[in-house]
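Take a look at the structure below.
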Amino acid sequence: MELTKIEGVVDSVIYRNEQNGYTVLDVNTDGELITAVGELGDVEAGETLLLEGKFVNHARFGTQFQAEYCERKLPNTAVNILKYLSSGAIKGVGPALAKRIVDVFGERTLEIMEKEPGQLMKIRGISPKKCETISEEVKKIFNLRHLMMFLSKYGLRSGVAMRAYNEWGHQAIDIIKNNPYILCSPCIGLSFKKAETAASAMGVKPDSHDRIAAGIRFILSENANAGHSCLPIDTFEKIVKSYLKISESDFYEVYNEMTADEKIYEYVKNDRGFVYLDDYYTAERYIAGRISVIQAFSSPDDHNYDALIDIEEEQNGIHYETLQRKAITTALSRGVMVMTGGPGTGKTTTLNVIISLYEKKGETVMIAAPTGRAAKRISDLTGHEAKTIHRLLEVTFDAGGKLVFRHNESDPLGCDVIVIDEMSMVDVLLFESLLRALKLSCRIIMVGDSDQLPSVGAGNLLKSLIECRCIPVIELKEIFRQAEQSCIVTNAHKIVKGEMPDLTKKNNDFFFFKRTQPESATALLSDLVKTRLPKAYKYSPIDDIQVISPSRKGVTGVIELNKVLQEKLNPKDNMKKEVRTPVYTLREGDKIMQTKNNYDITWSKDGEQGAGIYNGDIGKILSINRHRMEIAIDFDGRITNYSFDMADQLELAYAITVHKSQGSEFEAVVMPLLGGFDKLFYRNLLYTAVTRAKKLLILIGSEDIVEKMVVNNKRTNRYSCLTAMFRDEMRERE
């Protein structure tokens, strides 16, 4: 689509996000006011802008100009210069002082302020100290402006310029010219492909070491996003050479430089080299080393706690079976352990005894889980407060303004025992941070279901902990009588064993409706959610029922189902305000999900203040304020406000993927199973979905798809050397 150009003077700035430069403003173009939106940076009233973009018709705000590129021109008339300075563009210069400066210097005002700031002392009210302050502010503004203009030539938006200026200050242009690929660094976050375009325009050669180094990091990062904490060097070499179109000698020359400088690492496992980004190598080595130290100082054998367990049995009126008693004994005896098992095997019952016995010994126990919903669930089940790992570690900023965890080796958590639930969801980077925040004497009890999907982040932590055979692992296997009455539980265990679940029963908590056409499946699904289940079970369509789909795309994928369910459960209403995102139109009353970790956003709950909303958190839109351009959202009692430009972090959550459902339980789950997404039809994905339902599960689709998933025991293949590192560490300590 061809872009439109408009030019005009900024009349007023309506809204600006200081972090990323997203701005809403009115531009005067030949007497007509046009509302423009985009990453326009620190523009102020009085500036002349040349904008490229397109006109869009917003449902609530009418016609807007969506700017993709922005060229800025400083005001060049006395009237516009006065307007610019009066807007507060330069700290320390208000409307009255601005008028006095412009009265003296007229159209040369900005030139004087940049090149001859000493002349400002001619103005009444400007002392040498104030002159110096104004001069420093002007330097910042002009340096940032020059940087924005420089980057705009390469199609890079102001948000990139602002991050680069915050990182490198007035040296930013020289640093970027020297190596455009430095914009791919985590502090700036430019994609490799966009850096490629800019670098090519700047004349960087394809065999440049900077380009190859950035490409190596990019490919490793992309694979980390896919779950791999490392890659085999032989496979990696082929990928890099093909993607960057370089020779083997060029690859190894840069590869060897990077390993020598410890920018990447190589680890040899079974005579095969594996290459790591520095963060993931450090994390896996630290985890292996720390766990082996705990093991070295841990009791090598279980003590006898039968008498204490007998007392708990009597007090609680519960008989603990052999493996449960073994798990309790191991938790009390050892420094670290894993307790795993499927639904109905008594993990929570066992955990409650472990917590009770530790507290009776006077030990401080903390409980953590990877997501807010998982923390709430384990808190409800145990009656003890549980927090997300992020909240437990407390996100803060270091001296350089980067996000870090407050609790670490220097400021450890004040617990003697930590319980980590839903370990299958914990990735290696998060686990490393948690380990660093624990005292060496702290006992670690990890609880999870190894048959569920692995974490979204890189690594396969729970699997590695179990397979290393270096720490005690207790797997609870017996399904208790009460749980045996649930078809959800019995069918989940059948699925894990590779057996077909019973799809014929119609009088329990597990139902199957055969549908072969996506349209008829969607119609039944929406009717169940809106009408039939609320009528039969008194379930709330928003709070109690969750639609879970294997896929995002397709007729029965999350995106399309969300649009159908939104129209059924929260239809368009002139009384309900809306805001658009790239995928959805969000409106007041919608059920939504946060799609990325946001450590900055603040919230309040029952008088408590906190920060951080995380990937997978589900909430409800309370209100949309057009004047303040804010969205008020309730995340399980945590009330927070999002600016409109943050709305792209939100998605509708009437339907969610199986991966996003991990760590949560819902009163009722409805799941469509039909379509052509073979790569998503495998056993532990089905098992994970089935075990999300507490009281009712409904599958809609084809028996053939169910059978295909049960038979397909393909495990997500993730490259990691953590198991080998565990064994190496243990051998060294023997």
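By the 4.5 Å heavy-atom criterion applied to side chains, I548 and I656 are counted as neighbours. The shortest side-chain heavy-atom distance between L381 and D421 does not fall under the 4.5 Å cut-off. Looking only at side-chain heavy atoms (C-beta outward), F512 and D502 stay at 4.5 Å or farther from each other. Between F644 and I624 the shortest side-chain heavy-atom distance falls below 4.5 Å. For the pair L462/P454, no side-chain contact is recorded, criterion being any heavy-atom separation below 4.5 Å from C-beta on. A heavy-atom distance below 4.5 Å is not found between the side chains of L652 and L565. Side-chain contact between L561 and T522: present, with at least one pair of heavy atoms (C-beta onward) separated by less than 4.5 Å. Under the 4.5 Å side-chain criterion, counting only non-hydrogen atoms from C-beta, M671 is in contact with V658.
Heavy-atom contacts from other residues, nucleotides or ligands closer than 6.0 Å to NZ of K463 number 12 or fewer. For K506, the NZ atom counts as densely surrounded, since its 6.0 Å shell holds more than 12 non-hydrogen atoms of other residues, nucleotides or ligands.
One finds the CD1 atom of I613 at 14.0 Å from the NZ atom of K596 (value rounded to the nearest 0.5 Å). Remark: L476 CG to T340 OG1 distance equals 8.0 Å, nearest 0.5 Å. In this structure, CG in L434 is found 5.0 Å from CD1 in I420, a value given to the nearest 0.5 Å. I488 contributes atom CD1, which lies 11.0 Å from atom CZ of R692 (distance to the nearest 0.5 angstrom). Atoms NZ and CD1, from K514 and I700 in turn, are 14.5 Å apart once rounded to the nearest 0.5 Å. Note that the CE atom of M446 and the CE atom of M423 stand 5.5 Å from one another [nearest 0.5 Å].
A side chain to side chain contact (heavy atoms under 4.5 Å, CB included) with M709 is found for one member of I705, N712, N713 and no other, namely I705. Of the candidates R391, R638, K387, R391 is the only one forming a salt bridge (Lys or Arg N to Asp or Glu O under 4.0 Å) with E608.
Across all non-hydrogen atoms, the minimal contact from K568 to S526 is CE-OG, 3.9 Å. For the residue pair A521 and L674, the shortest heavy atom distance occurs at CB-CD2, 3.9 Å. For E422 against A374, the heavy-atom pair with the smallest separation is CG-CB, 4.0 Å. Nearest approach of N717 to H228, heavy atoms of both residues: O-CE1, 2.9 Å. Of all non-hydrogen atoms in E667 and K694, the two that sit nearest each other are OE2-NZ, 3.1 Å. What you find for S604 and Q609 is that their closest heavy atoms are CB-NE2, 3.4 Å.
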Applying side-chain contact (heavy atoms from CB on, under 4.5 Å) to Y682 and L453, what does each step give before you reach the verdict? CA-CA 10 Å; Y682 55 97; L453 294 171; 3.6 Å; yes
For side chain to side chain donor-acceptor pair (under 3.5 Å), just list the numbers for D544 and Y537, CA-CA rounded to whole Å, side-chain angles, deciding distance to a tenth of an Å, and then say yes or no. CA-CA 10 Å; D544 299 325; Y537 298 94; over 6 Å; no
Start with the C-alpha distance between Y584 and I592, add both sets of side-chain angles, then the distance that settles side-chain contact (heavy atoms from CB on, under 4.5 Å), and finish with yes or no. CA-CA 11 Å; Y584 297 112; I592 53 85; over 6 Å; no
Should F510 and L503 be marked as a side-chain contact (heavy atoms from CB on, under 4.5 Å) after you check the CA-CA gap, both sets of side-chain angles, and the distance that decides it? CA-CA 8 Å; F510 188 113; L503 303 180; 3.8 Å; yes
Assess the residue pair M593 and D617 against the criterion (side-chain contact (heavy atoms from CB on, under 4.5 Å)); give the C-alpha distance rounded to whole Å, side-chain angles, the decisive distance to 0.1 Å, and a yes or no. CA-CA 6 Å; M593 173 181 281; D617 284 355; over 6 Å; no
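Of the possible donor and acceptor atoms, none in the side chain of S229 sits under 3.5 Å from a partner among the backbone N and O of Y280. Side chain of Q546 to main chain of V670: no donor-acceptor pair is present (N/O by atom type, distance under 3.5 Å, no hydrogens or angles). The backbone N or O of H384 sits less than 3.5 Å from a side-chain atom of S379, completing a donor-acceptor pair. A distance-only check finds a donor-acceptor pair linking the side chain of N597 to the backbone of N615 [under 3.5 Å]. In terms of modelled atom types and a separation under 3.5 Å, the side chain of S450 and the main chain of G341 share no donor-acceptor contact. A donor-acceptor pair is defined here as one N or O able to donate and one able to accept, closer than 3.5 Å; no such pair exists between the side chain of R552 and the backbone of I559. A donor-acceptor pair under 3.5 Å links the side-chain atoms of D590 to the main chain of R587, judged by distance alone. A donor-acceptor pair is defined here as one N or O able to donate and one able to accept, closer than 3.5 Å; such a pair exists between the side chain of T640 and the backbone of T602. With R718 contributing its side chain and G459 its backbone, the two residues share a donor-acceptor pair below 3.5 Å.
F218 and F192 have parallel rings, their planes meeting at less than 30° on a 0 to 90° scale where 60° marks the start of perpendicular. Note: F635 and Y642 have tilted aromatic rings, judged against thresholds of 30 and 60 degrees for the angle between ring planes.
With F511 as the aromatic partner, K695 does not meet the cation-pi criteria of under 6.0 angstrom to the ring centre and within 45 degrees of the ring axis.
Side chains of D509 and S486: a donor on one and an acceptor on the other come within 3.5 Å. With hydrogens and angles left out, the side-chain atoms of E630 and Y15 include no donor and acceptor closer than 3.5 Å. Using modelled atom types and a 3.5 Å distance limit, the side chains of E651 and N562 yield no donor-acceptor pair.
In summary, K376 and D380 engage in a salt bridge, as defined by a charged side-chain N under 4.0 Å from a carboxylate O.
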